[in-house]
Amino acid sequence: MENGSKLTNKKWGFRGNTSLKVEDDTTTIRGAFTLLMSNINPSDKRTVIPMSHSEPSAFPCFKTTKIATDAIADAVRSNEYNGYPPREGILPARRAVAEYLSKDLPNKLSPDDVFLRMGCKQAFETILQVLGGSKSNILLPKPGFPYYDVLAKLYHLEPRFYDLLPEKNWEIDLDSVVAVADENTVAMVIVNPGNPCGNVFTYQHLKKVAETAWKLGILVISDEVYGHVVFGENPFVPMGVFGSITPVITVGSMSKRWMVPGWRIGWLVTHDPNGILKQHRIINSIKECRFISSDPPSFVQGAIPDILANTKEDFFSKTLNTIRECADYCHEGIKDIPGVTCPTKPEGAMCVMVKLDMLVFKDIKDDMDFCVKLAREESVLVLPGKIEIQLNSISVGLQNWLRITFAIDPSSLQDGIKRLKAFCERHSKIA
Ligand SMILES: *Cc1c(COP(=O)(O)O)cnc(C)c1O
């Protein structure tokens with residue numbers, strides 16, 4: 001024991017990434033969530049309403065399709081997928097993803113454009129590994145998906161932020177993109193359909209995004225994890241449509257559309273009709289990266305062709321109808337709540353940003369204070385708009401806004417909105 005501790009003190013120095021504190025109180029979504037959960041009052045006998053993170057699979061109304069669970073069970077039972085997956089991924093699975101995505105694209109994808117990854121998040125990490133470098137920076141949306149700032153840092157990319165404009169249905173402020181970009185910028189990231197804003201970009205807007213990226217000489221990385229999860233006026237247009245204007249990489253997964261985030265299956269796809277990514281050896285580097293990290297489990301890859309080919313339209317329309325109903329209820333319900341406004345009606349994904357008018361409240365300091373008190377008094381969880389990332393003190397998001405997830409069971413949502421209203425009325429000056 002004695003010896004051990006001496007050794008530790010004298011000879012063994014830890015030089016790790018000690019600034020990493022991503023699970024701290026107000027850091028990532030998960031961190032904020034943990035903090036809010038610790039504020040729940042145990043003597044409140046009402047159920048906790050989780051309008052804080054997108055995990056609809058917890059609710060029976062968002063159960064996945066039997067086609068998918070059967071395909072997984074069949075793949076396991078076949079005993080054909082007990083070994084390591086081939087390094088390049090199972091070919092029929094890559095082909096199935098290429099065909100699935102090509103339905104909406106002018107240039108058809110080949111299986112070689114598809115890299116299977118453990119969810120959208122790992123797909124994103126893979127491209128960051130390729131792009132990371134000592135001086136490089138990457139442009140991220142504000143408000144955005146808080147994990148991406150942390151991941152960019154981890155892979156040695158300086159995150160820089162461009163604005164989304166609430167008054168323009170959360171379109172990208174392209175001037176702000178140009179303003180923060182410089183010669184070390186490697187890519188801009190977009191999230192469409194949008195988390196956390198619930199917006200869906202138009203064809204025209206995405207075309208302008210591609211043109212801006214081309215002028216800046218940067219790649220567009222499009223997070224389409226909510227691809228096809230749209231229920232408003234704008235249809236979903238994949239960024240790959242504009243691959244001939246500027247090189248595009250899309251990342252996506254089955255997590256959200258099929259309501260199976262635990263299956264950890266996603267993809268990174270290159271849209272490179274002009275061969276620019278190939279010429280710059282980006283595609284080669286993606287292949288190299290894949291050799292280092294783990295791949296999605298063989299049986300999940302094995303089940304993909306069946307799932308993508310055979311999922312019935314009525315599964316998608318049923319879940320979309322429920323999400324639409326929730327989005328409408330949330331948007332309408334908030335209109336009657338003092339101090340909270342929802343600038344845009346959500347049209348896609350599973351959450352929305354709503355604005356707090358702090359002048360209305362008599363005893364609430366800011367968005368975090370709002371969320372903590374709401375958890376304590378009403379057992380309702382919503383996330384603050386500003387989530388602080390402790391890594392090198394980056395602080396992103398929008399102060400005094402809230403991120404509200406509406407994709408929960410409709411009766412829980414109704415209950416949640418009622419409690420939110422009671423809370424705001426009780427804390428407002430005029431009540
Ligand atoms: C949920 C989510 C992800 C993570 O997707 P996985 O497939 O579960 O890794 C990535 N991006 C956004 C915007 C998300 O909401």
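Read the numbers this way: they start at 1 and go in the same order the structure lists the ligands and their atoms.
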Exercise for the section: For the residue pair Thr344 and Trp170, confirm or rule out a side-chain donor-acceptor distance under 3.5 Å. Expected result: yes
- Message: Tell me whether the NZ or CZ atom of Lys142 lies within the 45° cone about the ring axis of Tyr162 and under 6.0 Å from its centre.
- Response: no
Under a 3.5 Å threshold, I'd like every N/O contact between ligand 1 and protein atoms, with atom names and distance.
{"from": "ligand 1", "atom 1": "7 (O)", "to": "Cys120", "atom 2": "N", "distance (Å)": "2.8"}
{"from": "ligand 1", "atom 1": "7 (O)", "to": "Ser253", "atom 2": "OG", "distance (Å)": "2.7"}
{"from": "ligand 1", "atom 1": "7 (O)", "to": "Ser255", "atom 2": "OG", "distance (Å)": "2.7"}
{"from": "ligand 1", "atom 1": "8 (O)", "to": "Ser255", "atom 2": "OG", "distance (Å)": "3.1"}
{"from": "ligand 1", "atom 1": "8 (O)", "to": "Arg264", "atom 2": "NH1", "distance (Å)": "2.8"}
{"from": "ligand 1", "atom 1": "9 (O)", "to": "Cys120", "atom 2": "N", "distance (Å)": "3.0"}
{"from": "ligand 1", "atom 1": "9 (O)", "to": "Lys121", "atom 2": "N", "distance (Å)": "2.9"}
{"from": "ligand 1", "atom 1": "9 (O)", "to": "Arg264", "atom 2": "NH2", "distance (Å)": "2.9"}
{"from": "ligand 1", "atom 1": "11 (N)", "to": "Tyr148", "atom 2": "OH", "distance (Å)": "3.4"}
{"from": "ligand 1", "atom 1": "11 (N)", "to": "Asp223", "atom 2": "OD2", "distance (Å)": "2.6"}
{"from": "ligand 1", "atom 1": "15 (O)", "to": "Asn195", "atom 2": "ND2", "distance (Å)": "2.8"}
{"from": "ligand 1", "atom 1": "15 (O)", "to": "Tyr226", "atom 2": "OH", "distance (Å)": "3.1"}
{"from": "ligand 1", "atom 1": "15 (O)", "to": "Lys256", "atom 2": "NZ", "distance (Å)": "2.9"}

Heavy atoms of Pro159 and Leu140 approach each other most closely as CB-CD1, 3.8 Å
Exercise for the section: Would you tell me whether Thr270 and Asp272 have side-chain atoms, one donor and one acceptor, within less than 3.5 Å of each other? Expected result: no
When the ring centroid of Tyr148 is compared with that of Phe124, is the distance short of 6.0 Å?
-> yes
### Query
Can a cation-pi geometry be assigned to Arg257 and Phe316, taking NZ or CZ under 6.0 Å from the six-membered ring centre and within 45° of the ring axis?
yes
